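Take a look at the structure below.
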Amino acid sequence: MISKVICLIFDGLGDSPIESLGWKTPLEAANIPNFDEIAQNSLCGLMNALGRGIRPGSDVAHLALFGYPMEKYYTGRGPIEIAGLGIKLEEGDLSLRGNFATVNSNWDIIDRRAGRILEVSELAKALDNMYIDGINFIVKPGTAHRAGVILRGQGLSSAISDSDPHEDKKPVKLFYPLDSSEEAQFTSQVLNKFIQKAHEILKDLDINKKREKQGLLPANFLLLRGAGLQPSIPSFYNRYQLKACCIAGGGLYKGIGSFLGMDLIEVEGATALANTNINGKFKAAIKALDEYDFVFVHIKATDSLAEDGNYQGKISFLERVDKELVIFKDLPSNVLLVITSDHSTSCNLKAHTADPVPIIFYGKGIRVDRVSQFDERSCAYGGLGYIEGKDLMPQILNIMGKLPLHGA
C-alpha cells in the first residue's frame, strides 16, 4: 500500500511548439527514454494549477498544488521568499522580493537580472540595515540575482504597487498606494526613498565599476515586488497528517516549503540553475523517505531557460535530468512518484503561459493507461484526463487510501 510520496515539480516544464523543432515542444523534441518509460507505467493527464485560462506565477501555483488557494492564503511573494532565506519575521514586518537589475540614467530597465548575476551578497550587504523615516530596511541575498527585503517599523501596509514592471526596456515604476489608508501612502513614500537611495549606493560600488570594466552589466538597481505581511497558515502536516520536507535550490521554493512547515533539506550544489546537482537532489529525496512521508523536490532550470528563449538549453537540461531519473524507476512498493509542473513557460514568448502541463502518477497498483511518452500532447490522452491544481493533493490522498468517505 502506498504510504510515501515523492513529488517532483519541474518549474515551467510545459512549452509551446517551436517552428525550428518541427513544431514540437522541447519535451517532445528531447531524447528522454527514462521519462517515457515511467510514463508508460503511470496514470497520466494534464493539469492547470489555477484553472483554464489563468496564467500563474510560481508562488500561487505551488500553493494551489499543495492545497492552499491564493484567495485565502496568498499575501504576496515577499513573505515566501523571506521564509526561504531562513529569516525570522516579526509581527508587523512587511516583506518584498527583489531583483538586482541594470538601469540607465533615466531608470529605464536594461536587464531585470543584471545579466543574470550569480552572486549578490556584497550588493545586499551595502544596502542592509538602512533607516528611512523610522523604518529599518533589512536586505538579504537570495539565489543568483534575487534578494529579500524586510521593512520593520510602525505604520506599514501591504496595499502597495510593485516597482518592477516585469519587462526589460520599460521604466522603473514608483510605488503607489492601492487603497486610501495612511499606512499605504506612507509605505509607498518610504519605499520610493529607499529605491532612490539604494540606486545611488549601488551605482558607485566597486563591484559594479569592476563589472563595467569587464564588459558586464552593473547591478545598479533593486527592483521590488510582491509586498506582503506574514499570514497565519495551517502547516502541511496539520492539514494532511503527512510529515513533509522540501529539497530545492531556489529561495522561493525553499520559502514555500518553509511557509507550509516543511523541513528544508540542503543539498550541496543545488543552485536552481542549469548546473544544479540533480543527482544529489534525487539521492537526497530517496534518503528522505526514511524519515518523511512526503518529499517535495523542485527543479528550476526548465523555467529559467525558457524565460531566456533558450529551447536548446531546455532540451539539453531535460536530457541531463533524464539520465538521473533512472534512480526512481525501481522505487519500493510503498512509494508514489508524482512528476509534474507548476505552469508552462514558452520559449517563444519567454514568459509563463496558461497552457496545461503534463502530470503522471507512478507506483505499484496505479491504474496504468496507454500513454507511451512524457510530453504535453501524449499526456492529454491519459486516463487521468484534465485536472486543476486543487485536485492534486486529493488525488494523492486517494491513492494513499486517506480520503474521507462522503455519504453512507
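Predicted, not measured: the structure shown is a model, and the values here were computed from it.
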Quick one: does [X]'s side chain get under 4.5 Å of [Y]'s, heavy atoms only?
X	Y	result
P26	I18	yes
S346	D15	yes
T345	T353	no
K329	I38	yes
P358	Q373	no
H343	D303	yes
T276	V267	no
I299	L8	no

Can you tell me if [atom1] on [X] sees more than 12 non-hydrogen neighbours from other groups inside 6.0 Å?
X	atom1	result
E268	CD	no
K283	NZ	no
N129	CG	yes
E200	CD	yes
K281	NZ	yes
K203	NZ	yes
E212	CD	yes
Y381	OH	no

Please identify each residue that fulfils ring-ring contact (aromatic ring centres under 6.0 Å, His included) with [X], with sequence neighbours left out.
X	value
H166	none
F328	F282
F175	none

Run the ring-centre check on F294 versus F236 and record whether the distance is less than 6.0 Å. yes
Is there a side chain to side chain contact (heavy atoms under 4.5 Å, CB included) between I54 and N48? Walk through the geometry before answering. CA-CA 8 Å; I54 303 175; N48 279 110; over 6 Å; no
Identify the heavy atoms of [X] and [Y] that sit nearest to each other, and give their distance.
X	Y	result
I265	A288	CD1-CB, 3.8 Å
A29	L21	CB-CD1, 4.1 Å
K364	L331	NZ-O, 3.7 Å
I195	S163	CD1-CB, 4.4 Å
K170	P165	CB-CG, 3.8 Å
L222	L202	N-CD1, 4.1 Å

First locate atom [atom1] of [X], then atom [atom2] of [Y], and finally report the distance between them rounded to the nearest 0.5 Å.
X	Y	atom1	atom2	value
I207	L216	CD1	CG	10.0 Å
I339	I359	CD1	CD1	10.0 Å
I360	S42	CD1	OG	4.0 Å
S3	I399	OG	CD1	13.0 Å
C246	K254	SG	NZ	8.5 Å

Residues in side-chain contact (heavy atoms from CB on, under 4.5 Å) with [X], at least two apart?
X	answer
S341	L13, V357
D322	I32, P33, N34, F35
L273	L118, T271, N275
K193	I132, D133

Is the shortest distance from a Lys or Arg side-chain nitrogen in D93 or R152 to a carboxylate oxygen in the other one below 4.0 Å?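 Yes, D93 and R152 are salt-bridged.
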Report the C-alpha distance between E319 and N31 in whole Å, list the side-chain angles of each, state the deciding distance to 0.1 Å, and finish with yes or no for side-chain hydrogen bond (donor to acceptor under 3.5 Å, both in side chains). CA-CA 6 Å; E319 291 176 345; N31 179 23; 5.3 Å; no
Do any N or O atoms from the side chain of R55 and from the backbone of H352 form a donor-acceptor pair under 3.5 angstrom? yes
Please step through side-chain hydrogen bond (donor to acceptor under 3.5 Å, both in side chains) for the pair Y311 and N348, ending with a clear verdict. CA-CA 9 Å; Y311 61 86; N348 292 326; over 6 Å; no
Residue pairs passing the salt bridge (Lys or Arg N to Asp or Glu O under 4.0 Å) test where at least one lies in residues 95-104, sequence neighbours excluded: E81-R97
What do the steps show when you test F194 against L151 for side chain to side chain contact (heavy atoms under 4.5 Å, CB included), and what is the final call? CA-CA 10 Å; F194 170 74; L151 280 68; over 6 Å; no
Out of the candidates L392, V297, L65, V338, only one should pair with I9 under the side-chain contact (heavy atoms from CB on, under 4.5 Å) rule; please name it. L65
With sequence neighbours left out, which residue pairs that include part of residues 388-408 fulfil the side-chain hydrogen bond (donor to acceptor under 3.5 Å, both in side chains) condition?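 side-chain hydrogen bond (donor to acceptor under 3.5 Å, both in side chains) check on residues 388-408 returns no pairs.
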Enumerate the residue pairs fulfilling side-chain hydrogen bond (donor to acceptor under 3.5 Å, both in side chains) with a member in residues 137-148, sequence neighbours excluded, ordered by first and then second residue. D128-K140
Could you go through the side chain to side chain contact (heavy atoms under 4.5 Å, CB included) check for I109 and V103 one step at a time? CA-CA 4 Å; I109 298 170; V103 301; 4.2 Å; yes
Under 30°, 30 to 60°, or over 60°: which ring-plane class applies to H62 and F296, parallel, tilted or perpendicular? tilted
Starting from the C-alpha separation in whole Å, work towards a yes-or-no answer on side chain to side chain contact (heavy atoms under 4.5 Å, CB included) for K4 and M400. CA-CA 8 Å; K4 305 271 187 175; M400 299 180 79; over 6 Å; no
Would you tabulate the side-chain donor-acceptor contacts of residues 255-263 under 3.5 Å, counting partners in other chains and residues two or more places apart, or write 'none'?
unit_1	atom_1	unit_2	atom_2	d
D263	OD2	Y292	OH	2.8

By salt bridge (charged side-chain N to carboxylate O under 4.0 Å, His left out) - contacts of R112 (at least two apart): D164
Please report the C-alpha distance between Y253 and D11 in whole Å, then the side-chain angles of each, then the deciding distance to 0.1 Å, and finally whether the side-chain hydrogen bond (donor to acceptor under 3.5 Å, both in side chains) criterion is met. CA-CA 10 Å; Y253 313 98; D11 210 293; 3.0 Å; yes
